[in-house]
Amino acid sequence: QVQLVQSGGGLVQPGGSLRLSCAASGFTFSSYDMTWYRQAPGKERELVAAITAIARSTNYADSVKGRFTISRDNAKNTVYLQMNSLKPEDTAVYYCNAKSRGPYAFWGQGTQVTVSS
């Protein structure tokens, strides 16, 4: 059974850090591009960061560039999002996504990140 299980969300003060994890099972993780998305209340879903399967090239939203780092550990079938210097506008539900060059795409359950004093 395909699963993407997220963890690491929570409440943090502005300027703080969080590390999100997304653990995959049921498919060949190393063959999938991994992406973090987020959606804030009243806002459209946006791409936060992505890392490709083969070249491991990365891409970031301008709003998080220099603060967030995406990485993957294929031995653990896990993708991470290290979030530093968090701002209130980073508050959202964060989702991980797995996408191959084939027809399949999978989503994690989402995890809340709240940045507030």
Side-chain angles (χ1 to χ4, degrees):
Q1 182 179 351
V2 170
Q3 287 189 313
L4 292 173
V5 180
Q6 299 179 217
S7 61
L11 175 65
V12 67
Q13 295 183 8
S17 297
L18 284 174
R19 189 195 197 198
L20 304 183
S21 298
C22 178
S25 61
F27 65 98
T28 305
F29 174 80
S30 61
S31 298
Y32 280 70
D33 297 340
M34 300 300 299
T35 303
W36 289 97
Y37 293 86
R38 68 186 181 188
Q39 188 164 25
K43 302 288 187 179
E44 294 184 0
R45 184 184 65 192
E46 66 172 333
L47 186 150
V48 178
I51 184 166
T52 62
I54 306 302
R56 298 195 185 193
S57 59
T58 57
N59 184 48
Y60 298 92
D62 287 342
S63 60
V64 308
K65 196 172 299 181
R67 300 188 297 119
F68 291 11
T69 302
I70 188 171
S71 62
R72 65 192 298 160
D73 186 340
N74 288 347
K76 296 181 178 179
N77 289 344
T78 301
V79 63
Y80 305 95
L81 185 67
Q82 179 67 46
M83 305 184 292
N84 299 326
S85 301
L86 283 161
K87 304 174 179 180
E89 51 262 46
D90 296 318
T91 296
V93 177
Y94 285 70
Y95 299 90
C96 67
N97 170 274
K99 178 70 173 68
S100 74
R101 301 299 293 180
Y104 301 109
F106 311 112
W107 289 89
Q109 82 278 15
T111 187
Q112 178 71 45
V113 171
T114 302
V115 185
S116 176
S117 299

Whether [X] side chain and [Y] backbone form a donor-acceptor pair below 3.5 Å:
| X | Y | answer |
| --- | --- | --- |
| Lys99 | Gly102 | yes |
| Thr52 | Ser57 | yes |
| Gln6 | Gly110 | yes |

Can you get from [X] to [Y] by hopping between Ile, Leu, Val, Met, Phe, Trp and Tyr side chains that sit under 4.5 Å apart?
| X | Y | value |
| --- | --- | --- |
| Met34 | Tyr104 | yes |
| Phe68 | Ile70 | yes |
| Tyr80 | Val64 | no |
| Leu86 | Val93 | no |

Exercise for the section: Considering non-hydrogen atoms only, spot the tightest contact between Ser17 and Asn84 and give its length. Expected result: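 Here Ser17 and Asn84 meet closest at OG-OD1, 2.9 Å.
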Problem - Closest approach of Glu46 to Ser63 (non-hydrogen atoms, all atoms of both residues) - result: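 For Glu46 versus Ser63, the nearest heavy atoms are OE1-OG, 4.5 Å.
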Problem - Residue among Val79, Thr78, Asp73 satisfying side-chain contact (heavy atoms from CB on, under 4.5 Å) with Phe29 - result: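 The option that passes is Val79.
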Exercise for the section: Identify which one of Val12, Thr69, Val115, Val113 satisfies the side-chain contact (heavy atoms from CB on, under 4.5 Å) criterion when paired with Met83. Expected result: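 When side-chain contact (heavy atoms from CB on, under 4.5 Å) is applied between Met83 and each of Val12, Thr69, Val115, Val113, only Val113 qualifies.
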Which distance, rounded to the nearest 0.5 Å, do you find between the [atom1] of [X] and the [atom2] of [Y]?
| X | Y | atom1 | atom2 | value |
| --- | --- | --- | --- | --- |
| Trp36 | Leu20 | CH2 | CG | 4.5 Å |
| Asn59 | Thr35 | CG | OG1 | 8.5 Å |
| Arg45 | Asn97 | CZ | CG | 7.5 Å |
| Arg72 | Ser30 | CZ | OG | 7.0 Å |
| Arg101 | Asp33 | CZ | CG | 7.5 Å |
| Gln109 | Ser7 | CD | OG | 8.0 Å |

Handout entry: Test item: Thr91 and Gln112 side chains (from C-beta on) under 4.5 Å apart, heavy atoms
Key =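 Contact flag for Thr91/Gln112 side chains = yes.
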Handout entry: Within-4.5 Å side-chain heavy-atom neighbours: Arg38 and Leu81
Key =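 Heavy-atom side-chain distance check fails, nothing below 4.5 Å.
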Problem - salt_bridge(Lys87, Asp90) N-O dist < 4.0 Å - result: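 So Lys87 does not pair with Asp90 through a salt bridge.
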Handout entry: Results of ring pair (Phe, Tyr, Trp, His ring centres under 6.0 Å) for Tyr32 - residues two or more places apart only
Key =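 Tyr32 satisfies ring pair (Phe, Tyr, Trp, His ring centres under 6.0 Å) with Phe27, Phe106 only.
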Practice task
Can you sort out the partners of Tyr37 under ring pair (Phe, Tyr, Trp, His ring centres under 6.0 Å), two or more places apart, ordered by chain and number?
Solution key: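 Per chain and number, Tyr37 pairs via ring pair (Phe, Tyr, Trp, His ring centres under 6.0 Å) with Trp107.
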